[in-house]
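Have a look at the structure below before the remarks.
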Amino acid sequence: MHGNRRHDDGAAPRVVVGVSGSLGSLAALHRGVAEARDRGAVLVPVLAWEPPGGEHGYRRSPCPPLLAAVREAAERRLRDALDAAFGGADPGVPLSPVVVRGDTGPALLHIADRSDDLLVLGRSGGPLRRRLRRAVPAYCARRAGCPVLTVPVPELLHDLEALHRHTRWHLAVATERELAPMQR
């Protein structure tokens, strides 16, 4: 993540969105589009990636072909996430996707480096992943030099996690007929 830092030079405003492919990041992409449209800004979806084993592991055992394959997979994940979010349609705002090598939080802050940027983040990963890795939204909110918008978890994700808990513990799951009276 080396390079020249951009400065406020009259360039178009940007809405930088952290993308992982999770439901939370897809919700963040949709909110990012709305924010970009309102601000007349460029939407910058960012997917950060690291070599298998992290940077330290890669330095101990470098393998350029593996590194190239992982980068290509990250580029494919970003394209797939954009396709999933927008269904192949034009989001209606200028789009400038970025794939960056580095830990997610620092990589996002490296891209969202202007005071007039807006960094949009969603919750991603399951409960175990959130316990093992630091929370990117909290990290970015503490260190960002621009506003950070954290998008709430989509209701669908709550429903899916509840369904997963029920099936894992072999609990009864309400049927559509049982749920219908509750929805009225």
Side-chain angles (χ1 to χ4, degrees), residues 1-7 11-33 35-36 41-91 93-114 117-146 148-151 157:
M1 291 186 328
H2 303 292
N4 298 332
R5 295 191 50 93
R6 293 175 294 273
H7 300 284
R14 300 180 309 166
V15 175
V16 178
V17 181
V19 177
S20 66
S22 69
L23 286 177
S25 75
L26 296 181
L29 269 171
H30 282 274
R31 180 61 184 265
V33 166
E35 293 291 334
V42 174
L43 182 69
V44 183
V46 178
L47 187 136
W49 65 278
E50 291 184 285
E55 293 296 336
H56 180 70
Y58 183 77
R59 281 193 299 264
R60 290 185 58 148
S61 302
C63 179
L66 175 63
L67 195 65
V70 172
R71 178 177 174 74
E72 288 173 16
E75 291 169 349
R76 191 170 38 257
R77 276 184 45 217
L78 181 56
R79 280 193 309 272
D80 291 348
L82 293 172
D83 286 344
F86 306 126
D90 180 14
V93 295
L95 196 63
S96 181
V98 175
V99 174
V100 62
R101 179 178 171 178
D103 191 33
T104 306
L108 287 168
L109 295 181
H110 178 77
I111 300 297
D113 64 348
R114 301 187 322 205
D117 286 341
L118 173 64
L119 181 56
V120 181
L121 303 168
R123 189 182 96 176
S124 65
L128 178 61
R129 181 169 182 212
R130 286 191 303 272
R131 285 187 187 99
L132 294 175
R133 295 180 57 97
R134 64 180 160 195
V136 173
Y139 175 88
C140 291
R142 284 192 306 271
R143 292 172 174 81
C146 67
V148 177
L149 174 62
T150 303
V151 177
L157 188 56

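Basis for what follows: all heavy atoms, side chains included, without hydrogens, waters or symmetry-related copies.
Across all their heavy atoms, L26 and A81 have their closest contact at CD2-O, 3.4 Å. The minimum heavy-atom distance between G122 and P137, with the atom names listed, is O-CG, 4.1 Å. L121 and C140 get closest at one heavy-atom pair: CD1-CB, 3.8 Å. Between A41 and V93, the closest heavy-atom pair is O-CB, 4.4 Å. Residues P52 and V70 share a closest heavy-atom pair of CD-CG2, 3.7 Å. Nearest heavy atom pair, residue S20 against residue L47, reads CA-CD1, 4.4 Å.
The CG atom of L109 sits 10.5 Å away from the CZ atom of R142 when rounded to the nearest 0.5 Å. Put simply, CG on L149 and CZ on R31 are 5.0 Å apart, with the number rounded to the nearest 0.5 Å. Expressed to the nearest 0.5 Å, how far CD1 of I111 lies from SG of C146 amounts to 11.5 Å. Note: L43 CG to E35 CD = 10.5 Å, rounded to the nearest 0.5 Å. Rounded to the nearest 0.5 angstrom, R76 CZ and D80 CG are separated by 7.5 Å.
Residues that satisfy the salt bridge (charged side-chain N to carboxylate O under 4.0 Å, His left out) test with R71, not counting sequence neighbours, are E75.
With a 4.5 Å cut-off on side-chain heavy atoms, R101 and P51 count as touching. With contacts defined as side-chain heavy-atom distances shorter than 4.5 Å, the pair L119/D117 does not qualify. Counting heavy atoms from C-beta on, the side chains of Y139 and V148 never come closer than 4.5 Å.
Using a cutoff of 4.0 Å between basic side-chain nitrogens and carboxylate oxygens, D113 and R14 are scored as salt-bridged.
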